[in-house]
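Everything below concerns the one structure shown next.
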Amino acid sequence: MAELGPVVWPPAPLRTERLVLREPEARDRAAFIDLFASSEVRTYLGGPRPRAELESAVPEVPGQRPCVFVVDRDGAMIGIVTLDRRDAERRGHVRPDAGEAELSYMLLPKAWGRGYALEACSAALGWFADAFPSEPVVLCTQVASGRSVRVAEKLGFTEMERFEEFGAEQWFGVWSSVLRSG
């Protein structure tokens, strides 16, 4: 989300019961590499990237751009949550001009199954709803990633359609404070 307009980035860290969502720091570099090199994490995201390629490509402070939150548990990065503009050329949009905010997240396998994805994404969505009132957020995940579909539904995303992309069936949903309050 390069066009934040009057929204200040980075915000103060977002605190939940167990997590802190904050901007990336140099100490997160190894965890960023672990995320993108993990075959488990990247199963439904195009597969892992070669570790050697990541070691040379990932900057000293990775993820330094608006709307990239590090998910921190007890002082260590366990994942990331991002809000980016969905590419207009991709399928799945709820506005005629496209460009909706798209929620994405990845957690290290050691953090799976504890509700951290739901907790972190809820905090990011809360921040987004305050910063961009009434703007919809979309989420797209492979249908085969049942865990991600369940997280999306628990977050309050409403399934809008399914379609083929990247050789797999995709689940596409929308979250909107307008839909949620209306």
> With a 4.5 Å heavy-atom cut-off, do Ile80 and Asp28 have their side chains touching?
Replying inline: no
> Should Trp127 and Leu83 count as side-chain neighbours, where that means a heavy-atom distance under 4.5 Å?
Replying inline: yes
> Which of these, Glu165, Glu161, Glu164, sits in a salt bridge (charged side-chain N to carboxylate O under 4.0 Å, His left out) with Arg91?
Replying inline: Glu161
Give the cluster check for [X] versus [Y]: same hydrophobic cluster or not, with ILVMFWY residues linked at side-chain heavy-atom distances below 4.5 Å.
X	Y	value
Val70	Leu54	yes
Val143	Leu45	yes
Val151	Tyr44	no

> How far apart are the C-alpha atoms of Val7 and Phe132, what are their side-chain angles, what is the distance that settles it, and do they pass the side chain to side chain contact (heavy atoms under 4.5 Å, CB included) test?
Replying inline: CA-CA 8 Å; Val7 175; Phe132 300 95; 3.7 Å; yes
> Step by step, would you call Thr16 with Ser122 a side chain to side chain contact (heavy atoms under 4.5 Å, CB included)?
Replying inline: CA-CA 9 Å; Thr16 70; Ser122 291; over 6 Å; no
Shortest non-hydrogen contact from [X] to [Y]?
X	Y	answer
Val68	Pro24	O-CD, 3.6 Å
Tyr116	Ala111	CD1-O, 3.3 Å
Val149	Thr141	CG2-CG2, 3.8 Å
Arg42	Leu35	CG-O, 3.7 Å
Leu107	Gly79	CD2-CA, 3.7 Å
Val137	Phe157	O-CE2, 3.4 Å

Separation between [atom1] of [X] and [atom2] of [Y], rounded to the nearest 0.5 Å:
X	Y	atom1	atom2	value
Glu169	Gln142	CD	CD	10.0 Å
Met77	Arg22	CE	CZ	8.0 Å
Asp34	Lys110	CG	NZ	8.0 Å
Asp130	Leu125	CG	CG	11.0 Å
Asp72	Leu14	CG	CG	12.0 Å
Glu53	Phe36	CD	CZ	11.5 Å

>> Pair Glu119, Val71 - check side chain to side chain contact (heavy atoms under 4.5 Å, CB included), show working.
In response: CA-CA 10 Å; Glu119 190 172 330; Val71 181; over 6 Å; no
> Any donor and acceptor pair, going by atom type alone, linking the side chain of Arg73 with main-chain N or O of Arg18 inside 3.5 Å?
Replying inline: yes
> Between Arg49 and Glu55, is the closest basic N to carboxylate O distance under 4.0 Å?
Replying inline: no
> Hey, mind stepping through Phe163 and Trp171 against side chain to side chain contact (heavy atoms under 4.5 Å, CB included) and telling me if it holds?
Replying inline: CA-CA 7 Å; Phe163 51 83; Trp171 185 99; over 6 Å; no
> Relative to the ring of Trp9, is the ring of Phe69 parallel (under 30°), tilted (30 to 60°) or perpendicular (over 60°)?
Replying inline: perpendicular
> Can you name the one residue among His93, Arg85, Arg86 that meets side-chain hydrogen bond (donor to acceptor under 3.5 Å, both in side chains) with Glu100?
Replying inline: His93
